[in-house]
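Report on the following structure.
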There are 2 protein chains.
Amino acid sequence: MSSLPISARSIPFPTSTRKGSVGTVPISPWDSLYFAGCPDLIGTPFSYAREEEIYGEAEEAEFVYKLLDGAVRTHKILSDGRRQITGFHLPGELLGFEQQDRHRHAAEALTDTRMLIFRRRQIERMAACNATVACQLWSLTARRLRDAQDHMLLLGRGSAMERLVAFLIDLDLRLGATGTFVLPMSRRDIADYLGLTIETVSRLMTQLEVDGALLRCSGRQLSLHRTHLDRLIAF
Amino acid sequence: MSSLPISARSIPFPTSTRKGSVGTVPISPWDSLYFAGCPDLIGTPFSYAREEEIYGEAEEAEFVYKLLDGAVRTHKILSDGRRQITGFHLPGELLGFEQQDRHRHAAEALTDTRMLIFRRRQIERMAACNATVACQLWSLTARRLRDAQDHMLLLGRGSAMERLVAFLIDLDLRLGATGTFVLPMSRRDIADYLGLTIETVSRLMTQLEVDGALLRCSGRQLSLHRTHLDRLIAF
DNA sequence: CGAAACCTTGAGAGCTCTCAATGTGAGTGG
DNA sequence: CCACTCACATTGAGAGCTCTCAAGGTTTCG
């Protein structure tokens, strides 16, 4: 394994055409620099500020991002302004990885984030001649598909309360299953993810607290009562 | 390319453990016997009757199916009976292709169908050592993901009318874009796909006909007026 | 022709949305 | 430290869309 400074690697550093700034905090472990376990691909550290756009819908998919720190939302927007958030991304997860040349949705930083950037073409070239890499990409996409199908079930057949509860439980699991966490996203983001309005989300949160299914310290700081919440959903 | 009779190939024919029956109609073109353009994999013809189960949810994913003729629905069911149809599959499309060992949804024949069956493990083995095959599998899964995300937008942010119109337009495109076709599925199937009830679907169909956006000959036989329908949606 | 499944239509209820007002918290400047 | 602002969140009242329940009509199939 090379221990050259990151900036000395051959991957060009994206600058003028991109928003965001260079990550200055040292990245560790080194392992996380690798993409799909492939030591020939090393990511470039990069960071985005809260609410900053990472890429736009239909923009050319030049980079792939591995989130180290923070949180990201991806979304689609209709001509009349309606928005559907297609997913929230937490540390360790990948985003922007399209199988075609253009992004299918936009991505924005929910909080200040640090990530690694990889060139998509380089990864594709690697996959084209390395079956192991290709299978890992397939695996990543398959997992996304499973998530999307589960979310379809929630959106198509869940009540507003079921959608919210399922969302909270899922988020807790992905943040370490401690039952206590700070929501990285606004009520609007939650509403646009669950196909609801912010008012409905707010009312349901209040109802959950009144029913003793969760505690709120400051709006976004939550403590879930899993046994109580689990009884509210069939998903 | 071998021209041996199909039954002489080495792929074991699924019998006792499976419903359905052997396809007797000769398959053509030969090309369609191949999976992912790979001549080492030849499918076994098979057929299912209307409403017959092809595989169940959580069942072991032993086979992959390439639909030659007919139509198939895949769905998930909740403990209380609510059902979400995750997709309709038409001739030329693949189904049952999981990246893990178990199916994530059930599949049933909407009409009498003919298909080709491939052994999943054999395909996986092929992908593990052939990057081209692996990339094609990745590509297939990526396309499904795109469809699922588009459907999420529809379910999360579309009105009942928008969901129905988008569905009809999509179906028309996939059936040849002639503007005239026979719905292979019932109102209940449509409702469970769009997250609606059969009554709502029925009322909207009537309204579309009254508004001159489509013609109905016999319930399921439709003629769409694309220009009229296109004005009704933002998707 | 009869039966069963499927589809349509109607009336009323309920859930979620819309519109509007109030409350809360973080950041800023006096 | 306080007042102010602005974004975000909560709460309320009423409207509207879709669902539920029910009945009647249509198609399919034996």
Side-chain angles (χ1 to χ4, degrees), chain A residues 49-51 73 78 80-85 108 110-112 154-165 167-168 182-211 214-222 232-233, chain B residues 49-51 73 78 80-85 108 110-112 154-165 167-168 182-211 214-222 232-233:
Chain A
R50 184 169 171 280
E51 290 300 314
R73 66 170 176 254
L78 295 176
D80 58 9
R82 280 177 291 179
R83 182 179 71 154
Q84 175 69 39
I85 288 185
E108 291 156 356
L110 281 168
T111 65
D112 291 347
L154 203 62
L155 292 177
R157 285 295 172 225
S159 69
M161 182 59 92
E162 287 173 319
R163 297 185 207 187
L164 179 61
V165 171
F167 166 72
L168 292 175
V182 177
L183 289 169
M185 69 289 284
S186 68
R187 295 289 187 270
R188 169 146 301 289
D189 289 332
I190 297 174
D192 284 350
Y193 179 62
L194 299 176
L196 303 171
T197 59
I198 53 174
E199 295 93 333
T200 297
V201 171
S202 192
R203 273 185 263 268
L204 294 174
M205 286 285 228
T206 300
Q207 190 184 330
L208 284 176
E209 189 170 30
V210 169
D211 294 350
L214 60 78
L215 282 175
R216 280 186 295 185
C217 297
S218 64
R220 293 197 185 182
Q221 166 93 44
L222 302 181
L232 299 177
I233 56 173
Chain B
R50 185 169 170 280
E51 291 300 313
R73 65 171 176 252
L78 295 177
D80 57 10
R82 281 177 292 178
R83 182 179 70 155
Q84 176 69 38
I85 289 185
E108 292 156 356
L110 281 168
T111 63
D112 291 346
L154 203 62
L155 292 177
R157 286 293 171 224
S159 69
M161 183 58 93
E162 287 173 319
R163 298 185 206 187
L164 179 61
V165 171
F167 166 72
L168 292 174
V182 177
L183 288 170
M185 69 289 285
S186 69
R187 295 289 186 270
R188 168 146 300 289
D189 290 331
I190 296 173
D192 285 348
Y193 179 62
L194 299 177
L196 303 171
T197 58
I198 53 174
E199 294 93 334
T200 297
V201 171
S202 193
R203 273 185 264 268
L204 294 173
M205 286 285 227
T206 301
Q207 190 185 330
L208 284 175
E209 189 170 31
V210 169
D211 293 350
L214 59 78
L215 282 175
R216 281 187 293 186
C217 297
S218 64
R220 293 198 184 181
Q221 165 94 42
L222 302 181
L232 299 176
I233 57 173

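Computed from a predicted model, the values in this text were never measured in an experiment. Residue numbering restarts at 1 for every chain, and letters A, B, ... go by the order of the sequence lines.
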Using a heavy-atom cut-off of under 4.0 Å over every strand shown, decide if B/L196 touches base, sugar-phosphate, or nothing. sugar-phosphate
I need the CD-C1' distance between B/E209 and C/dC7, as an integer number of Å. 13 Å
Have a look at B/S186 and say if it touches a base, only the backbone sugar-phosphate, or nothing, with a 4.0 Å heavy-atom cut-off. sugar-phosphate
When rounded to the nearest 0.5 angstrom, what distance separates CG in B/D112 from CD in B/E51? 10.5 Å
Quick note, A/T197 side chain, CB onward, closest among C/dC17, D/dT18, C/dT9 is C/dC17
Ignoring backbone atoms, establish whether B/T200 has a side-chain N or O less than 4.0 Å from OP1 or OP2 of D/dT18. no
Length of the CD-C1' vector between B/Q207 and C/dT9, whole Å: 14 Å
For atom CZ of A/R216, is the number of surrounding heavy atoms from other residues, nucleotides or ligands below 6.0 Å larger than 12? yes
Considering every strand and a 4.0 Å limit on heavy-atom distances, what is the contact class for A/S218: base, sugar-phosphate, or nothing? nothing
Candidate nucleotides D/dA9, D/dC19, D/dC21, ranked by approach to the side chain of B/E199 - the nearest: D/dC21
Atom-pair distance (CD1 on A/I190; C1' on D/dC8), nearest Å: 12 Å
Please report, rounded to the nearest Å, how far the C1' atom of C/dC7 is from the CZ atom of B/R220. 10 Å
Value for CD1 (A/I190) from CD1 (A/I85), rounded to nearest 0.5 Å, stands at 9.0 Å
How long is the line joining CZ of A/R157 and P of C/dC15, in whole Å? 16 Å
Side-chain donor/acceptor of B/R82 to backbone N/O of A/R157, under 3.5 Å: yes
Considering heavy-atom distances to DNA chain D, does A/V201 or B/L204 have its closest nucleotide positioned more toward the 5' end? A/V201
Mark yes or no for a side-chain to base donor-acceptor pair under 3.5 Å between A/R203 and C/dT18, with no hydrogen or angle criteria applied. yes
From the options C/dT16, C/dC7, D/dT10, select the nucleotide whose nearest atom is closest to the side chain of A/S202. D/dT10
Assign B/R216 to base, sugar-phosphate, or nothing according to its heavy-atom contacts below 4.0 angstrom with the strands shown. sugar-phosphate
Could you check whether B/D192 pairs with B/R187 (Lys NZ or Arg NE/NH1/NH2 to Asp/Glu carboxylate O, under 4.0 Å)? no
Round to the nearest Å and state the distance from B/I198 atom CD1 to D/dT18 atom C1'. 14 Å
